[in-house]
Amino acid sequence: MEHLESGLAILVTFLKFLLEAIAVFCILLGVLKTGLLAYRSKYDRSKNLFTEIRLEFGMWLVLALEFQLGADIVSTSISSTFDSLGKLGIIALIRTFLNYFLTKELESQRNANNK
């Protein structure tokens, strides 16, 4: 049984690392895409792309937060102390609220742009 527990701990650690790496990659890709959009807006004066840039980067941040939350959930499966579970719970709650409000802001901004 100890071998199964240690194997699960290794798998969870790898999965947590993978999810966090994907989140970092999402942020990096978001920075690159919004940077390219900002560069294009420098030469295209016909429209203001500031809102479009914010929406683009915000969507990447929402995606990254989802992966971070997934990593937090995976981490709870091997957390053995109440203290570590409490910390993970608080972090997951903060990330959930951030994600919720960022999504709401993006939706309202997108709806305002479509009108």
Side-chain angles (χ1 to χ4, degrees):
M1 192 59 133
E2 286 180 26
H3 294 312
L4 290 175
E5 286 178 359
S6 65
L8 179 63
I10 292 169
L11 178 66
V12 166
T13 303
F14 175 74
L15 186 57
K16 180 180 183 260
F17 173 78
L18 182 64
L19 289 170
E20 288 175 343
I22 292 171
V24 169
F25 180 73
C26 287
I27 293 171
L28 178 63
L29 195 57
V31 166
L32 293 175
K33 286 191 81 167
T34 55
L36 183 61
L37 198 57
Y39 181 74
R40 283 189 201 151
S41 73
K42 179 179 172 183
Y43 296 105
D44 184 10
R45 301 281 184 195
S46 63
K47 59 181 178 177
N48 184 4
L49 294 177
F50 178 73
T51 304
E52 190 177 334
I53 291 168
R54 283 189 66 225
L55 289 172
E56 180 74 27
F57 189 60
M59 288 187 302
W60 285 103
L61 286 178
V62 166
L63 185 61
L65 279 168
E66 291 288 336
F67 281 107
Q68 284 288 330
L69 187 58
D72 291 339
I73 291 169
V74 167
S75 293
T76 60
S77 64
I78 59 169
S79 296
S80 57
T81 65
F82 185 74
D83 186 46
S84 62
L85 281 174
K87 287 177 185 175
L88 278 171
I90 290 170
I91 291 170
L93 185 66
I94 290 169
R95 286 186 179 152
T96 301
F97 276 117
L98 281 171
N99 200 358
Y100 175 78
F101 288 114
L102 183 57
T103 302
K104 286 293 183 189
E105 181 181 349
L106 291 173
E107 286 174 1
S108 68
Q109 192 74 41
R110 179 165 288 136
N111 291 338
N113 283 349
N114 290 334
K115 289 184 180 178

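By convention here, the first residue in the shown sequence is residue 1. Computation of the quantities below employed the complete heavy-atom set of this structure, encompassing side-chain atoms and omitting hydrogens, waters and symmetry-equivalent molecules.
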Gap between atom [atom2] of [Y] and atom [atom1] of [X] - 0.5 Å precision:
X: Leu15; Y: Ile10; atom1: CG; atom2: CD1; value: 13.5 Å
X: Leu93; Y: Leu88; atom1: CG; atom2: CG; value: 12.5 Å
X: Gln68; Y: Ile91; atom1: CD; atom2: CD1; value: 9.5 Å
X: Tyr39; Y: Ile53; atom1: OH; atom2: CD1; value: 13.5 Å
X: Glu20; Y: Asp72; atom1: CD; atom2: CG; value: 7.5 Å
X: Leu18; Y: Phe67; atom1: CG; atom2: CZ; value: 9.0 Å

Would you kindly confirm whether [X] and [Y] end up in one hydrophobic cluster when ILVMFWY residues are joined by side chain heavy atoms under 4.5 Å apart?
X: Leu29; Y: Ile22; value: yes
X: Leu69; Y: Leu102; value: no
X: Met59; Y: Leu63; value: no

Taking it one step at a time, do Leu98 and Leu65 satisfy side chain to side chain contact (heavy atoms under 4.5 Å, CB included)?
CA-CA 8 Å; Leu98 281 171; Leu65 279 168; 4.1 Å; yes

Within a strict 4.5 Å, meaning less than it, do heavy atoms of the Leu36 and Arg40 side chains meet?
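Yes, their side chains come closer than 4.5 Å.
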
By the side-chain hydrogen bond (donor to acceptor under 3.5 Å, both in side chains) test, which pairs, at least two apart or in different chains, include something from residues 55-64?
Glu56-Trp60

What's the shortest heavy-atom distance between [X] and [Y], and which atoms?
X: Thr34; Y: Val31; answer: OG1-O, 3.2 Å
X: Ala64; Y: Cys26; answer: CB-CB, 4.1 Å
X: Leu106; Y: Arg54; answer: CD2-O, 4.1 Å
X: Ala71; Y: Leu19; answer: N-CD1, 3.6 Å

May I have the step-by-step check of side chain to side chain contact (heavy atoms under 4.5 Å, CB included) for Leu37 and Lys33, ending in yes or no?
CA-CA 6 Å; Leu37 198 57; Lys33 286 191 81 167; over 6 Å; no

Step-by-step side chain to side chain contact (heavy atoms under 4.5 Å, CB included) determination, Leu4 to Leu8
CA-CA 6 Å; Leu4 290 175; Leu8 179 63; over 6 Å; no

So, Asn111 side chain and Glu107 main chain: donor-acceptor pair closer than 3.5 Å or not?
yes

